[in-house]
Number of protein chains: 2
Amino acid sequence: MSITYREVKADILRQITQGTLAPGSAMPNEVDLAASYGCARATVNRAMRELADDGIIERRRKAGTRVRQNPIRQVRLNIPIVGQEIEELGATYRYALVHGQAEPAPNWLRARMALQRDDRVLHLTCMHYADGAPYQHEDRWINLSALPEAEQHDFSEVGPNEWLVSTVPFTDAQISFHAVQADATIADYLDCTEGDALFQTERTTWLEGRTITFVQLTYRRGHRVTMQY
Amino acid sequence: MSITYREVKADILRQITQGTLAPGSAMPNEVDLAASYGCARATVNRAMRELADDGIIERRRKAGTRVRQNPIRQVRLNIPIVGQEIEELGATYRYALVHGQAEPAPNWLRARMALQRDDRVLHLTCMHYADGAPYQHEDRWINLSALPEAEQHDFSEVGPNEWLVSTVPFTDAQISFHAVQADATIADYLDCTEGDALFQTERTTWLEGRTITFVQLTYRRGHRVTMQY
DNA sequence: TTACGCCTTATGTCTATATCTTTTGAAAAA
DNA sequence: TTTTTCAAAAGATATAGACATAAGGCGTAA
């Protein structure tokens, strides 16, 4: 077999990292590269397409391909559901429903979830434990107009996150990470001190333009999200 | 022209989201799909490959392709350098070097950066401002054994991050996000109250197995990292 | 029954060629 | 000079056919 697209990709990357192909410089076109590697143009194309996707090079029709001045640094971040996250740590997962009640949406939440004036929400408060110790506090609101079956569902055994991903998979979401100070309630749940700095994730989820759910996930003290690139 | 791989991808995705193809179910093989779409196998292959890459379907040689039971939720997170980040907010960026000194690596850092006993590091403390207000505090250590030219460089005008990405692009890195409480020093720099919960990023960067730099980036109060998927 | 190894099959990849689309730069028109 | 138009260039994508590779499953031998 002749040269593979992986080898072409690796060779081009090597030339870039070793400085043979300088940042900002133009690269030969696909036809010429294919000729010099002695392979088909499609093979070069795939290698170049992946490098562009990785943020290493920049491609423009007619203008050609050039090495990016500064490579785009990007990571892929998996968003696991908390049970899996805990079990991957090698710990035992336990879930508890703290509180669940259907109620009219408060104003701040109506704005946040883009709800109508009379929309009702299911407010759930849950705890997730790793090896018996508090791991994550979940404060969730589900839009009952968009997902009425949530009101009948029993969340005492299975967490709302798990139920939602199996009931409405393939949603869109916006996620945000930030830091919050533990208030007395959260400190109590997460077994930490009031005022502690905690890592919090907020997530709003849509299905076909309708807001399904908004959730605040507050992690135990010292939680980290790590990534490689 | 006949059907495109994008259309095939969109159609398969539609079937999955609409439930025609149930989660966990096996899909027809590429040859059959190509026949039913009236296109080449390569076209179907690209559509399916991208769906697999998106975490929607699962492919295994011989075993075939099936719809994932729970789609993998993943986001792509760009790691901008702080100047760009601030300018994208529409604010004016200003940089200041607070402190810079070459010194022997303290023990905790030696462990963290996997340094030898006698390795020296350049310790830099910098501030980044958006429209004149504190935005980010940078505490950085550069391994002088790996990057001796850093010692001669003047970091009073251009931040170490910018200098590093142009001097040693194409590095590997591990990033971590977490929350910290502002101590008196940080509170002073970031113009917040001691004890405030702040978002912090830590990053260790390698080049060919050697640790280049370790940095702690502490953001102003209320900083958020947001993503879509 | 169990373990090993072959056969088949589905995906993975390459080739060679062709057409489509976007974009740039130059020529032509105002 | 400025604007419009157009052709060429380069990447984007499609096709048909071929071979490569991994792995499930079955048959055979221990």
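Computed over heavy atoms, backbone and side chain alike; hydrogens, waters and symmetry mates excluded.
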From CG of B:D53 across to P of C:dG12 the rounded distance in Å is 11 Å
Side-chain donor-acceptor pairs under 3.5 Å in residues 81-93 of chain A, sequence neighbours left out?
unit_1, atom_1, unit_2, atom_2, d
A:E85, OE2, A:Y135, OH, 2.7
A:T92, OG1, A:D131, OD1, 3.3
A:Y93, OH, A:H128, ND1, 2.7

Considering only residues two or more places apart or on different chains, which pairs with a residue in residues 145-169 of chain A satisfy salt bridge (charged side-chain N to carboxylate O under 4.0 Å, His left out)? A:R120-A:E151
Using the ring pair (Phe, Tyr, Trp, His ring centres under 6.0 Å) rule, collect all pairs that involve residues 9-44 of chain B, keeping only residues at least two apart or in two chains. none
Using atom CZ of B:R6 as one end and atom P of C:dT21 as the other, report the distance to the nearest whole Å. 12 Å
List for me each residue that meets ring-ring contact (aromatic ring centres under 6.0 Å, His included) alongside A:H137, sequence neighbours excluded, and say none if there are none. A:Y189
Contact under 4.0 Å: A:R60 side-chain N or O vs D:dG11 OP1/OP2: no
Rounded to whole angstrom units, what separation is found between the CG atom of A:N45 and the C1' atom of C:dC14? 13 Å
Can you name the side-chain contact (heavy atoms from CB on, under 4.5 Å) partners of B:P28, sequence neighbours left out? B:D32, B:L33
Residues from residues 30-43 of chain B sitting under 4.0 Å of DNA chain D, heavy atoms only? B:C39, B:A40, B:R41, B:A42, B:T43
My understanding is that only residues two or more places apart in sequence, or in another chain, count here; which of them pass salt bridge (charged side-chain N to carboxylate O under 4.0 Å, His left out) with B:E138? B:R140
Between D:dA10 (C1') and A:M48 (CE): distance, integer Å: 10 Å
Tabulate below the donor-acceptor pairs under 3.5 Å that side-chain atoms of residues 50-60 of chain A make, not counting sequence neighbours, or state none.
unit_1, atom_1, unit_2, atom_2, d
A:E50, OE1, A:K9, NZ, 3.0
A:D53, OD2, B:R76, NH2, 3.0
A:D54, OD2, A:K9, NZ, 3.1
A:R59, NE, A:T65, OG1, 3.2
A:R59, NH1, A:E30, OE2, 3.1
A:R59, NH2, A:E30, OE2, 2.7

Taking the side chain as everything from C-beta on, heavy atoms only, tell me whether A:T201 gets closer than 4.5 Å to A:I175. yes
Interatomic distance, B:R46 CZ vs C:dT13 P [rounded to whole Å]: 13 Å
Whole angstrom is fine here: how far is it from OH in B:Y5 over to C1' in D:dG11? 12 Å
Taking the inter-plane angle between the rings of A:F199 and A:F177 on a 0 to 90° scale, is it parallel (under 30°), tilted (30 to 60°) or perpendicular (over 60°)? tilted
Under-4.0 Å side-chain N/O to phosphate OP1/OP2 contact, A:R59 with D:dA12: yes
What does the B/S/- profile of nucleotides 3-9 of chain C look like, 5' to 3', with a 4.0 Å heavy-atom cutoff to protein? ------B
Would you say C:dT11 has OP1 or OP2 under 4.0 Å from some side-chain N or O of B:T65? yes
Measure CD1/A:I3 against P/C:dC14 and give the value in whole Å, please. 9 Å
Starting at atom CZ of B:R66, determine the distance to atom P of C:dT11, rounded to an integer number of angstrom. 11 Å
